[in-house]
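A short write-up of the structure that comes next.
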Protein chains: 2
Amino acid sequence: MRDLGTRVGMRAQSLYAYFPSKYAICDAMFDESNRELLRRLTEVEPTLNPVERLHQLARLFLDFCVEDPERYQLLFQRALPRFEPSPESYSAAMDVLDTASTALRACGIGDARALDVWTAVIGGIAAQQNANEPGGDRWVRLTDEITDMFLAHFRRAKDAKNMGQK
Amino acid sequence: MRDLGTRVGMRAQSLYAYFPSKYAICDAMFDESNRELLRRLTEVEPTLNPVERLHQLARLFLDFCVEDPERYQLLFQRALPRFEPSPESYSAAMDVLDTASTALRACGIGDARALDVWTAVIGGIAAQQNANEPGGDRWVRLTDEITDMFLAHFRRAKDAKNMGQK
DNA sequence: GTCTATAAGATGATAGAC
DNA sequence: GTCTATCATCTTATAGAC
């Protein structure tokens with residue numbers, strides 16, 4: 001609270017004129033960050049071909065994750081003990097997930113299991129980067145290759161399925 | 001310190017008879033946990049075929065990560081502010097990484113870049129599981145599929161390279 | 001080898017002056 | 001709307017009794 005107050009040019013106590021508690025501030029930051037991430041993701045040209053769109057979404061997501069590791073922890077690591085986002089700010093997080101889900105479906109990948117693999121591999125890039133080399137790009141620069149690996153795997157699975165049906 | 005003391009049947013202050021500081025305790029836990037993980041990984045039958053061995057290593061690693069999320073945070077998320085492992089206990093962490101590196105080489109995958117992809121995708125499973133469904137298996141059960149996806153991608157890359165050489 | 005007592009500093013939060 | 005003053009509580013850590 002003291003650090004945050006200083007950052008916005010106040011004493012810690014004055015923050016209570018705007019928020020009723022520390023967790024209310026966390027929740028506001030959680031909400032605002034997810035909205036900012038969503039805003040960036042929705043800026044991606046919708047007319048792009050689906051595969052290029054997925055690549056670009058992945059890159060934007062990872063840029064967002066590594067440009068502020070503390071924000072990344074708040075949003076994706078459940079790092080603050082006893083903090084749970086409110087239903088309203090949680091829904092902003094679900095909107096971000098929906099963006100991924102929709103982009104995958106546009107690539108012909110509608111499987112819920114595939115979406116979990118996607119969040120694991122993309123989230124893994126951010127986790128490794130921020131934990132082992134914050135500020136660097138050793139893992140982030142693998143994003144395009146990992147996206148291609150993912151696409152090859154799940155588009156093959158889909159083709160195999162379609163062939164079985166025909 | 002109070003919680004830890006209680007867990008081992010002591011007052012917090014008595015812990016200072018065994019360790020000079022809180023960070024010394026963190027370092028000892030970091031070191032011991034990595035050794036335990038390494039012990040489990042080295043128990044995998046060395047005569048197994050390399051691909052089955054890689055699958056088993058991945059499963060053991062992820063079981064270890066999800067059975068104790070707080071230990072996972074200490075080892076892989078750099079979650080404790082200002083804690084840095086000592087050189088000695090850091091080397092135990094490197095031994096764990098070497099296990100993965102060696103297992104990949106046995107699969108014909110010797111690329112440093114591939115090792116980084118491996119840590120990202122496997123670490124991503126643990127990160128998603130512990131952050132979003134601690135104690136569950138929604139992501140952990142994808143381990144075999146993700147391992148196969150990884151193998152297919154990097155063995156193909158290798159085959160393509162060999163064909164070019166011949 | 002563990003305890004009580006205690007220190008010095010941080011934390012989240014409230015009351016009330018200006 | 002921000003401040004000073006203050007609170008109760010928690011934290012890591014030390015000193016010294018038994």
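Here is how names work: the chains are called A, B, and so on, in the same order as the sequence lines, proteins then strands, and each is numbered from 1. For clarity, every value in this text was computed on a predicted model and none was experimentally measured. Excluded from the calculations below are hydrogen atoms, water molecules and symmetry mates; all remaining heavy atoms, backbone and side chain alike, are included.
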Item to complete: Give the rounded distance in Å between these two atoms: CE of Met1(B) and P of dA10(C).
Response: 18 Å
Worksheet entry | Electrostatic pair Glu133(A)-Arg78(B), nearest N-O below 4.0 angstrom | no
Discussion item. According to side-chain hydrogen bond (donor to acceptor under 3.5 Å, both in side chains), who are the partners of Asp148(A), at least two apart in sequence or on a separate chain?
Written reply: His55(A)
Discussion item. So, using side-chain hydrogen bond (donor to acceptor under 3.5 Å, both in side chains) as the criterion, who are the partners of Asp98(A) when residues are at least two apart?
Written reply: none
Worksheet item: Listed in order of residue number, which residues of residues 3-10 of chain A have a non-hydrogen atom at under 4.0 Å from DNA chain D?
Response: Met10(A)
Practice prompt. With the side chain counted from C-beta on, respond yes when Thr119(B) and Leu97(B) share a heavy-atom pair under 4.5 Å apart, and no when they do not.
Written response: yes
Practice prompt. Determine whether Val117(B) and Met149(A) make a side-chain contact, defined as any pair of heavy atoms from C-beta on separated by less than 4.5 Å.
Written response: yes
Worksheet item: Going by number, which of residues 16-33 of chain B have a non-hydrogen atom under 4.0 Å from DNA chain C?
Response: Ala17(B), Tyr18(B)
Worksheet item: What does the inter-axis angle of the helix from dG1(C)-dC18(D) to dC18(C)-dG1(D) come out as, five pairs per end, nearest 10 degrees?
Response: 0°
Practice prompt. Can you run down the salt bridge (charged side-chain N to carboxylate O under 4.0 Å, His left out) pairs that involve residues 100-114 of chain A, sequence neighbours left out, and say none if there aren't any?
Written response: Arg113(A)-Glu145(B)
Practice prompt. Any pair with a residue in residues 116-126 of chain A that passes salt bridge (charged side-chain N to carboxylate O under 4.0 Å, His left out), sequence neighbours left out, goes on the list, sorted by first then second residue, please.
Written response: Asp116(A)-Arg138(B)
Worksheet entry | Heavy-atom contact window of chain A on DNA chain D, given 5' to 3' at under 4.0 Å | dG1(D) to dA5(D)
Discussion item. Once ring pair (Phe, Tyr, Trp, His ring centres under 6.0 Å) is applied, do any residues pair with Trp118(A), and if so which ones, sequence neighbours excluded?
Written reply: Phe150(A)
Practice prompt. With sequence neighbours excluded, tell me which residues meet side-chain hydrogen bond (donor to acceptor under 3.5 Å, both in side chains) with Gln13(B).
Written response: none
Fill in: Sequence neighbours excluded - side-chain hydrogen bond (donor to acceptor under 3.5 Å, both in side chains) pairs with any residue from residues 16-39 of chain B
Asp27(B)-Ser86(B), Asp27(B)-Ser89(B), Asp31(B)-Arg35(B), Glu36(B)-Arg39(B), Glu36(B)-Arg40(B), Arg39(B)-Glu43(B)
Worksheet item: Residues two or more places apart in sequence or in another chain: which of them pass side-chain hydrogen bond (donor to acceptor under 3.5 Å, both in side chains) with Arg71(B)?
Response: Glu67(B)
Item to complete: For Leu80(A) and dT11(C), give me the distance from atom CG to atom C1', rounded to whole Å.
Response: 14 Å
Practice prompt. Check whether any side-chain heavy atom of Glu70(B) sits under 4.5 Å from a side-chain heavy atom of Gln73(B), and report yes or no.
Written response: no
Worksheet entry | Expected output: side-chain Asp137(A) to main-chain Val140(A) donor-acceptor under 3.5 Å | no
